[in-house]
Every structure is written in structure tokens, then in C-alpha cells.
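Below: the structure, in C-alpha cells.
Labels below follow one simple rule: chain letters A, B, ... track the order of the sequence lines, proteins then strands, and each chain is numbered from 1.
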Amino acid sequence: MTRYTPAEIEARWQKVWDRDEVFKAVRSADKPKYYVLEMFPYPSGRIHMGHVRNYTMGDVIARYKFATGHNVLHPFGFDAFGLAAENAAMERGIHPKDWTYQNIDDMIAQMKPLGFGLDWSRLFATCDVNYYGQQQSLFLDFLEAGLVYRKNAVVNWDPVDMTVLANEQVEQGRGWRSGALVERRELTQWFFKINDYSEELLDALDTLENWPAKVRLMQENWIGKSRGLQFAFSTIDAPEGHDRIEVYTTRPDTLMGASFVGISPDHPLAKVLERDNAEVAAFCADCRKIGTTEEAIETAEKLGFDTGIRVRHPFDTAHELPVYIANFILMDYGTGAIFGCPAHDQRDFEFATKYGLPIISTYLPSEDSPETLTEAYVPAKTEKVFYNRGFAGEAHQTGLEAIDAAIDFCENSGVGQGVTKFRLRDWGLSRQRYWGCPIPVVHCDACGVVPEKKENLPVELPYDVTFDTPGNPLDRHPTWRDTPCPSCGKPAQRETDTMDTFVDSSWYFARFTAPDAKTPTVMEDVAYWMNVDQYIGGVEHAILHLLYSRFFARAMQITGHLPKSANEPFNALFTQGMVTHEIYLTRDEKGRPVYHLPEDIHWTESGARLGADGPEVQVVPSAKMSKSKKNVVDPINIISAYGADTARWFVLSDSPPERDVEWTASGAEAAFKHLTRVWNLCDRIGKMDKDAPGVGDEELLRAMHLCIHDVTMGIESFGFNAAIAKLYAFTATLQKSKAGHAAQRQAVMTLAQLMSPMTPHLAEDIWKHQGGDGLVTTASWPKADEAMLVSDTVTLPVQVNGKRRAEIVVPADMPKEEVEKAALADQAVQRTLDGAEPKKVIVVPGRIVNVVV
RNA sequence: GCGGGCGUGAUGGAAUGGUAGACAUAUCAGACUUAAAAUCUGAAGGGCGUAUGCCCGUGUGGGUUCGAGUCCCACCGCCCGCACCA
């Protein structure tokens, strides 16, 4: 009796796939190409179950497409620049480069045993000089094409560590290392002109039919197109040069309800006032402590400072409004100034209540509604309301109609212009950090900002840097900054900012098509392999990474690095869920939670304990696996206990791929048991008497064809969990079958083929055992015989008034009238009807019968 | 705060608007075994009933429909994103 020994089987077949270079992608005109890509990982050092799930899904698609006759490109790499490497350097004194490359080696060693059908020859990391050097070349092309520019922008500044902080490094308004209150500070930084492409990026969303609707909607909201009115208030007693305040509003119909003007603490007027007035300066300084995230700004207590300046209402110059500096107004959006209409905006309402400002309604639910409000009245823009202080259009109209009428009216009377604005801001790419792609420009006293010459690329990161003092090591480096000006040749200094890691991930998919090329891309290769046919990754990238990549595809097309057809780089997108696990905790003497690893928990009759007789452990419902909660299962342990096929099988079963899957020890064990069962089944069939007669050959083959059909549909539609359920059911059928050897052999070989995208090693082994030709991996995908899928009779449920009362078995091709008769003739139906005359009988062929009385 | 999503047995979940709970876990029963494990067979949403059966049931409340877990509206709860984490 042989046994299922995954460790041995898996190593053997991985060697064969490697030897035969089965997954090496080569351009070819014979087959249609298929490019499947999973979002590449950050090299944290350990692969986790989320990676296993992500790459298993991609591998299922890749192997399936391979079997259906496609020329598949399935590459892998690392998104290797980033903050974590610098943190490791600071915390543990390891050089970011050494740390990163060590992690990459470790992760590759952990990935290989999973048996993914990847073209490892295309592997690269974004921190490879070869990659980021080409990225610098791209940057220079973008610069020349006018797609990049410099302007001031706000960063989180730690005044003690004297360094820029990432949002992640800000904890409750304080620097994570120093604990100092974080301030906002302005720096001159580089920006990509993504906002110029707002309209196009928005419109093209409609063409992305194979993207999840929710991702398209999120991008649509992020781009945030709005039509509104831009106009100016004229000021009274304002500093010179500020006799007007430009404001932008999406609700010009509420203009008569304006009761104050608010400006951002970063507004030019606020800055002028700040210079001469200590109180204003103090207020603005307070505002700048909030931090730079939109979330922090929006959730902070709404504060205002009355500047004493007044403005005149454009329609009633006798009506004067106060000008406040307000902490919730962003300088980046609109004009950095708003008018407040407390009656129709809850935030303005609270602000007005706090500072004793008037609340003036411009519209009401109806003519006889009271004018006094206890909260802002904010109906849907499509709802018809009564304008008690309207100035354009009808008295009764919807918000949308009123907005259009108000814009027309204001344009005609010269008060302002209708303007389309986008919420999307230009993409700031400068980072004041070491571990990133250096921005290839030089600062020259005589020539200003000068792009580095392409022949001087790559601008390589120096290795000899230290992290023992605060700030950017590139700034402190004794010689790295020194370089001759590319324009005049005089001594000049390199830019020490590096690029946002989102730049690295915005074109790696194109680089995979020619990873060693001496140019960013090679037209022949990108033209052949692009677009990515199926992109798979976490929904957390729904906005930024995917939007930036879409912008980059356009910019690369403009600069000649991608064909026009690759404007939208990802034909289909799938966003997969996370792997979760229960959390186990006890409390220390101060009541603080102490977390425990799943392998330290012992299950007893009285519940979960720490050790056999240890203290009882509280079980918290499943959440994303995280080191801090210790609810992690290391894929390496699972592979050594059960094998890669079990891990792959389990992460695909149970939950639909777009949702989270809960890792359970019992589930993993069940997956292993099932694979063992399949293996034993193969073993048993191999030992069958080849000539002994069997019964039920046809039923078995019918079930097999149905399974081919269902599994194929499941894979095509990302219903991996459903496909696996069908495979379970078919395995049970085969196990019980008394069919002859030939039919059983055919069934188990087909089962192996259908399982091969999920459990490729086991499938190869079964295939070989049954004497299949070559590799199951290269065998062509089985086709369901349509004739075997239809049966002669169908069982139809019969409902009476929508409640199921009976079942009838009728020939599949029975005409509707006959089915109706058969249903009414049924005893149970007769009994339920109890003599009542049916009013209507609905027959849905092959589905259901509903009798209505 | 704004934006997005989710809510079905004890648990993970299945279900082109058409028999709710496939498949799996946990549970229980049986077979095998001296016994246990493993393996195999079977039961199982809740309630009532000896039973053919009947009633209730997909977070809550409405609506559309011959028919709603599925579509629409409102509410409740949970999760995710918010531009320098990737």
C-alpha cells in the first residue's frame, strides 16, 4: 500500500517543471497570449497566507489558461523600496539594502515550494539598479514631456527628529519615535500632472468592463468631478493685494444663505495675516498640528478664527460677511476658500452655531415649512424643494436644476463663472528618504534645476550611509551630492529626494515584458504582451496604485514607451479578500491583553487553554492575520505538515475569493484528508481488475462531464470555492462508483486534470500513475460533452402562491401546457388547492411551476 | 467626517429573481476495533406533530413581483480606504 507523501511528490514535480522550463514565457505567434499578474509583494522577509492565497489564485488562472492553449506570461517580482527597510536600519542597525536583499532571498526560498507556475527568469526587484535606473530614464522623459513639475506642498514635520514623517509614523499627532507634536511644513516637491488627465481617467473607467464595479466607483469618487461656480467676494479692510477672495462652490443656489467666508490656514491671505498678528499665527500653528491626512482634518474639532476682515455679498453689497480662518478647509481643493451656508451643510451649521453666525435658509421642504432649523436641511439634489431665497430658476425646483440656473444667472450678471473641478490632486512623488529611487536632477546655482543627462544614468544610491542621526542620509553624505552641472559643468548638487514607491509599482507590469532591456521597455515586447489580461490583488490598492498605473500607462504612451493600445494596462481586475484567523488572548495583571500564537492553544472540553492545564484563553472572532495580534499561521509550517497542495487547496475552498477566508486548523486538516482520499482513490483504481465488469459506467461519465462543466465555469468566473465544492462532490461519486476500470480510470484522470490548477503536484502524480501522456500541466483542458449534460427527465418543484408544495418529474422537453396539467394533477397540489380554482399558472421551463389562486 | 463594502444554521459559506442552507468544519449516531485514533456509513435550520405534514426562518422595518437571500427605500451593526505604509 502506497501513501500520499506530499513532500516527496511536490519536490519531484517542481524539479520536472523547472527542468522542462514549462513556465518560461517566449513570444510566439502560434498561440494567443495571456498575461496574468498578481500584485507583487513587499519583501518583508516572510511570506504569509495572504501571499499564498493571492498567488494561488493567479496560478489557477495561469495554469488553466496554459491548459486551454494560451501562451502565458506569469512573472514575479518585489516592490522593494520603502520605509520598512529604513525602520529596520534604525531599529536593528542593518543596512536597508542588505536587509531587503536578504528578505528577498528568504521569500523566494519560501515561495518556491508552493509550486507556482511562474517564469522565474523574469524576476526583478524595484531596488535593482537595472530597474530604478530605467525608472530615472522614464522620469526624464516625463519631465521633457511636461508631465512633471515642482511646487510647494505640505509634509508632516517632526521638530525633534528634524525629519519628515510618513502618515504612518504619526501616532495621535505625535512623531512615533520622538513623541514630539507633529507640525505641517511646506517643502518644494516634484509632482506628476495626473490632474490634467482627470477627465480622461474618469471617462475611461466606463471601458473597464472587467473591473469590479466597486473599484470603478471608488476611482470615480476619488477623481471627484464637480461642476460649480467660481466667483470672488470683495473685501473690506483686507491687506493690500487681497481685495478679492476667490471661492468655489458646488452649491451656488445657496448663495443667498451665505453667512461667512472660510479660508484655509494655508491660504495666501492667512499667511499675510499670520505675519503681523501673533494670535493668527498661533491659530494657524495649531491648525498645522493636526497632520496632513484628510481623515485627521475631517474628524478634528472644527475651529475658526475671526480675522476681522469682512466681505460684501455679491448680490447685496450692504450684506457683510465675516472672514474666518478655518481648520477644515484644504488649500489643495478649489481655491482654498469657501462660503459657509449653515442652513444646508451640517459642518457649516455646527460652525455657525459655535461662533454665533446667522443660519439663513435658501430652500425649504415646502412653502409652509418653518424657517427655523435645528440641523442643516440637506435633501438629495434630485429632490424638488421650495426656494424661499432663490435667485434663479423656478421657486419649486430640484437642487440640480437650481445649481444650473444659478450658474447661468451668475455668468450672465458677471458675478462668476461655471467651472468644472476635480478632487484629484496632482501626485506628489518626492520623498525625503534614502531607500528609494533617486530623482535624477541636479541643482545648480547658475542654471537652477537641471535634469541629469541620460548617459549619466543610473544615479545610483550610495551604500555608505548611516541611520544613527535624524534626517535623510543622502543629505549628509560627504560626496554623493557633489556632481558637475549637466548644463554648465560647474560644481552643483544632486537632488536628495527619492521617488514615492508608488512610482516603482506604476510600471513594473510593463517592465516584466522585457526585464533586462537597456531601455525602460522594448516596443516589440510590450506590444506583444501588454495588456495584463488578468490582474489580481488586494482591494486596498483600489484607488492609488491602480489610478497611478493608469496615469503612467498614458504618460508612457506619450513618451513612446507603450503602444496606444496599452492606455488601460489592466484588462481585467480581481480584488481578493484577506486570510483571517481567530485571536487568542489572556490578560496580564493590569488587564492589558496578551496575545498567543494559535499553536500554543490547547483545546479542552472546557474551552481554549494555554497549555494543557494552563489558564483559560479568550477567543476573539477572526481578523486579518497580524504579527501584533499573533493570529498568524506560517505557510512554511503548513507546507511541512501537509504539503503545498493542501495549503493551496484550503485557501481556495470555503470562501469566495473576493471575500476574506478564515484559516482554521480543522479546515487545513480536512483539505489534507481530502487530498489523501483522492490519492488513495487513484491507488485503488490503479489496482482494479481491468477486465472485471462494472455497473453504472454511464452515470459516472455523466457526473464527470457535469463536473468538467461546473469546474470550468467556476474557474472562468473566479468561483474557485464553488469549483472545489463540485470536485468534492464528484470525488464522493467516484468513490462510491461501481463502474468498470476504464470508466473509473477516465474519471480519476479527468479529476486530476480538473484539480491540476489548484493542486498541481498531486494531479501530476495521479496522471503519471494512470499512465497519462506527458505532463498533466501541458495536457489540454478536458471539454464537457454537451450531450452528456442533459438528462431525459427533470424534477420540477411546484409552488402554490409562492410556497413549495410538491415536486413533479416530467420529460425535459414537455410542453408548458402539459407541465401545467401535470402540476395541477399532482395529489399534494390538489390537496393544497382544496378545490380552489387557480387564477394563473406560471411555468418556467426546467425550473419551477407556480400556481396562483 | 467623507467614500466603499458586508450582514444566511453552532462555524466558513452555496444559491443566472425560481425547491434557502450545496460543499466543508464542528456535533451526534452506527460500522470496523479489546479500546482509542484513523477510515467508512448516516443524521442534522428552529418549532409543533406518531405521521402523510404544518408553521416560522437569510440583521431590522417597509416596498416591487406570480415568486425576493437576491431588486428598491429607510434604519441598525460590523469591516475597509482616505493621497508620505505598501
Side-chain angles (χ1 to χ4, degrees), chain A residues 39-42 44 79 81-84 87 153 155-156 164-170 189 212 214-215 217-218 220-222 224 292-300 302 328 332 346-347 423-433 500-502 504-505 538-545 547-548 578 580 621-624 650 653-656 658-667 669-671 673-674 676-677 680 719 721-722 724-729 732 735-736 795-799 801-807 827-828 831 839-842 844 846-853:
Chain A
M39 291 179 187
F40 61 168
Y42 180 78
S44 59
D79 189 13
F81 275 133
L83 201 53
N87 293 343
V155 294
N156 297 306
V164 175
L165 296 178
N167 283 333
E168 191 188 55
Q169 297 171 315
V170 179
Q189 307 197 51
K214 68 170 174 182
V215 173
L217 184 60
M218 284 163 89
E220 185 182 325
N221 289 331
W222 190 258
T292 59
T293 72
E294 194 174 317
E295 183 192 7
I297 291 164
E298 289 295 324
T299 50
K302 307 297 179 285
F328 56 87
D332 295 308
Q346 191 57 29
R347 187 174 61 190
R423 202 187 77 101
L424 180 64
R425 314 203 286 253
D426 275 338
W427 170 14
L429 67 116
S430 301
R431 296 292 181 271
Q432 297 68 41
R433 293 185 214 297
D500 179 7
T501 57
F502 274 120
D504 312 335
S505 56
V539 72
E540 66 271 22
H541 295 291
I543 297 172
L544 294 181
H545 163 59
L547 192 60
Y548 291 159
M578 297 177 303
T580 65
S622 224
K624 179 180 183 172
F650 181 70
S653 56
D654 283 4
S655 290
E658 67 274 17
R659 262 203 254 173
D660 294 350
V661 65
E662 183 180 25
W663 184 276
T664 59
S666 56
E669 199 178 316
K673 282 182 188 172
H674 179 73
T676 305
R677 241 183 334 259
N680 291 340
N721 56 326
I724 282 178
K726 302 291 184 187
L727 287 166
Y728 268 111
Q735 216 164 4
K736 286 172 197 163
T795 306
L796 292 184
V798 183
Q799 297 181 333
N801 286 338
K803 283 187 195 291
R804 192 183 72 89
R805 296 297 174 185
E807 267 179 8
Q827 249 188 358
R831 194 174 52 237
K839 271 193 222 133
K840 195 165 151 192
V841 180
I842 291 146
V844 184
R847 276 278 175 205
I848 204 166
V849 181
N850 192 9
V851 181
V852 187
V853 290

By the 4.0 Å heavy-atom rule, please label [X] as base, sugar-phosphate, or nothing.
X: Arg805(A); result: sugar-phosphate
X: Gly82(A); result: sugar-phosphate
X: Arg433(A); result: base
X: Asn801(A); result: nothing
X: Ser430(A); result: base
X: Glu807(A); result: base

Would you say Arg677(A) places a side-chain N or O within less than 4.0 Å of OP1 or OP2 belonging to C40(B)?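 Answer yes for this pair, as a side-chain N or O of Arg677(A) is under 4.0 Å from OP1 or OP2.
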Give a yes/no on whether any side-chain N or O of Asn721(A) is located under 4.0 angstrom from OP1 or OP2 of A14(B). yes
Is G9(B) in the syn range, within 90° of 0, or in the anti range?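 This nucleotide is in syn.
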Taking both distances under 3.5 Å as the test for a Watson-Crick or G-U pair, what stems of at least three pairs does RNA chain B have? B:1-7 with B:76-82, B:10-12 with B:23-25, B:27-31 with B:39-43, B:45-48 with B:53-56, B:59-63 with B:71-75
Can you name the residues that form a side-chain hydrogen bond (donor to acceptor under 3.5 Å, both in side chains) with Glu540(A), not counting sequence neighbours?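 Scan of Glu540(A) (side-chain hydrogen bond (donor to acceptor under 3.5 Å, both in side chains), adjacent residues dropped) gives none.
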Result for 5'-nearest mapping on RNA chain B, choosing between Asp426(A) and Phe502(A), is Asp426(A)
Comparing Ile543(A) and Pro656(A) on RNA chain B - which has the more 5′ nearest nucleotide: Pro656(A)
Which value, rounded to the nearest 0.5 Å, describes the distance between Thr580(A) atom OG1 and Arg659(A) atom CZ?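 The distance works out to 12.0 Å.
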